[in-house]
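All remarks here apply to the structure that follows.
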Protein chains: 2
Amino acid sequence: MTENSNSKFAILGMLGIRPMSGYEIKKSIERSIGFFWSESFGQIYPVLKQLVAEGLANAQNGDESRDSRRKVYEISTQGEKALREWLAFSARTNLIRSEALLKIFFGGQADPETTRKHIERELTECRRKLVAVNKVEQALAQRSAGRQTENDFHHGLTVAYGKKMLIALIDWCETSLRLCSWREAVGASKEELL
Amino acid sequence: MTENSNSKFAILGMLGIRPMSGYEIKKSIERSIGFFWSESFGQIYPVLKQLVAEGLANAQNGDESRDSRRKVYEISTQGEKALREWLAFSARTNLIRSEALLKIFFGGQADPETTRKHIERELTECRRKLVAVNKVEQALAQRSAGRQTENDFHHGLTVAYGKKMLIALIDWCETSLRLCSWREAVGASKEELL
DNA sequence: AGCACCATGTAAGTGGTTACATGATTCC
DNA sequence: GGAATCATGTAACCACTTACATGGTGCT
């Protein structure tokens with residue numbers, strides 16, 4: 001842990017939207033920012049404890065009529081300040097590591113079908129995700145019809161981001177598959193000529 | 001270490017392109033797949049040792065006329081087989097975590113300038129990267145003029161991917177900045193009306 | 001009664017970076 | 001002779017995931 005700024009502020013940021021339990025934080029992250037962020041329970045619960053210890057959040061535990069173990073965490077004034085400071089700080093350029101792209105890059109060292117399969121899998125995945133993002137987009141539009149909150153506006157920006165990336169990715173997959181086919185056809189005819 | 005499949009095969013894949021030293025692997029990764037992959041020396045050297053121990057690569061050390069410590073590693077027949085097997089295996093959907101997007105998502109909890117700054121920084125970064133990708137694209141086109149190797153073809157696919165993503169990202173940044181401006185203008189006029 | 005989901009937490013392991021230590025070679 | 005780059009390696013640390021343990025609550 002020590003100075004695990006990312007998870008810490010991701011969780012604090014979620015509490016900034018509304019008070020939540022650890023379990024809710026997980027679900028909420030999955031639904032809203034799952035496209036580019038994730039947190040595991042193994043991270044969430046210790047961080048929540050840490051946030052309380054640092055005075056950045058308060059725990060209100062023991063809501064009757066529900067599971068008595070359930071604890072709802074709320075961001076504190078200090079927490080809001082800490083979050084704002086972190087938000088103002090320039091984001092580190094994060095190291096993305098795409099296993100799929102790596103396998104496509106090395107595709108020359110496998111048979112041509114391998115690359116094709118990776119791209120097809122990617123394409124299927126993207127189309128599935130696009131459907132999900134469209135649903136989120138619709139839900140957001142409906143919720144913020146009339147007056148759009150600050151949070152809704154910013155959520156909308158990230159949804160637009162996801163959508164744009166997915167559309168571009170789908171386009172790349174389709175183009176790449178055509179290139180693969182074309183290359184295979186040329187390769188085949190070359191062999192015939194020998 | 002144990003079963004660090006990703007780094008292991010990223011490095012083995014580089015050796016599959018041509019024999020290299022640890023240092024060259026690092027540079028080569030940065031130049032060709034730096035857009036979506038990275039390896040640190042702290043990872044490369046132990047993995048190279050491991051690859052030799054497992055019989056997936058051979059070390060030819062002690063080239064006179066150059067630094068005598070320099071060791072060039074070469075993929076073995078067994079290594080090629082292991083690489084092909086790994087390549088054929090479906091890629092896990094990797095967890096991307098974008099700190100910048102996270103900060104934009106939480107932007108409603110900071111002043112509007114914060115979000116704007118993050119997007120502007122992103123835009124600058126993307127434009128810079130696009131220039132770099134274009135250079136790689138040109139170099140690749142020149143190198144593979146006439147006959148294009150399998151490796152060149154697959155490298156081209158990943159470069160096209162990078163380019164497409166960057167163009168989409170730049171577009172998103174520009175649109176988002178306009179949305180921010182528009183929202184700020186509306187917000188200001190609202191306050192004037194109060 | 002049983003399943004799905006809500007709910008919290010810990011321990012072990014993983015996959016990786018960063019910082020450090022050390023030094024050779026090349027080019028100006 | 002000094003800077004840049006080539007070159008290899010280790011140790012400490014870090015953030016995070018996975019698997020495990022445990023059990024409540026609500027619906028059918």
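What's counted below: heavy atoms across the whole structure, side chains too, no hydrogens, waters or symmetry copies. In what follows, every chain begins at residue 1, and chains take the letters A, B, ... in the order their sequences are listed.
- Within the 4.5 Å cutoff, the side chain of A:R121 has no heavy atoms near those of the A:R116 side chain.
- The cluster map of Ile, Leu, Val, Met, Phe, Trp and Tyr, joined by side-chain heavy atoms under 4.5 Å apart, puts B:Y161 and B:I167 in the same cluster.
- A cation-pi arrangement, defined by a distance under 6.0 Å to the six-membered ring centre and an angle within 45 degrees of its axis, is absent between B:R97 and A:F36.
- With a 6.0 Å cutoff to the six-membered ring centre and a 45° limit on the axis angle, B:K129 does not count as a cation-pi contact of B:F35.
- Rounded to whole angstrom, the span from the CD1 atom of B:I11 across to the C1' atom of D:dG9 amounts to 14 Å.
- Taking 4.0 angstrom as the limit, A:S38 places a side-chain polar atom (N or O) nearer than this to OP1 or OP2 of D:dT17.
- Rounded to an integer number of Å, the gap from CD of A:Q60 to P of C:dT8 is 13 Å.
- Cation-pi geometry between B:K103 and B:F106 is not met: the NZ or CZ atom fails to fall both under 6.0 Å from the ring centre and inside 45° of the normal.
- By the 4.5 Å heavy-atom criterion applied to side chains, A:E99 and B:N6 are counted as neighbours.
- Distance CZ (A:R70) to C1' (D:dG24): 13 Å, rounded to an integer number of Å.
- Contacts between residues 17-33 of chain A and DNA chain C, defined by a heavy-atom separation below 4.0 Å, involve A:S21, A:G22, A:Y23, listed by number.
- No side-chain heavy atom of A:Y73 sits less than 4.5 Å from a side-chain heavy atom of A:N58.
- As rounded to whole Å, 13 Å separates atom P of C:dA7 from atom OH of A:Y73.
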What string of B, S and - do you get for nucleotides 18-23 of chain C, 5' to 3', when a contact is any protein heavy atom under 4.0 Å? B----B
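- OP1 or OP2 of D:dT8 has not a single side-chain nitrogen or oxygen of B:K49 nearer than 4.0 Å.
- Remark: B:K71 is in phosphate contact with D:dG9, judged by side-chain N or O atoms under 4.0 Å from OP1 or OP2.
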Output side-chain donor-acceptor pairs under 3.5 Å for residues 14-21 of chain B, partner residues at least two apart or in another chain, one line each.
residue : atom : partner : partner atom : Å
B:S21   : OG   : B:E24   : N            : 3.2
B:S21   : OG   : B:E24   : OE1          : 3.4

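- A:S7 has a side-chain polar atom (N or O) that falls below the 4.0 Å cut-off from OP1 or OP2 of D:dC16.
- Atom P of nucleotide C:dG9 and atom CD1 of A:I44 are separated by 12 Å, given to the nearest angstrom.
- In this structure, A:Y45 atom OH and D:dC16 atom P are separated by 17 Å, rounded to whole Å.
- With rounding to whole Å, A:R97 atom CZ is found 15 Å from D:dT17 atom C1'.
- The SG atom of A:C173 lies 10.5 Å from the CG atom of B:L157; values are rounded to the nearest 0.5 Å.
- The nearest whole Å value for the distance from the CD atom in B:Q50 to the P atom in C:dT14 is 12 Å.
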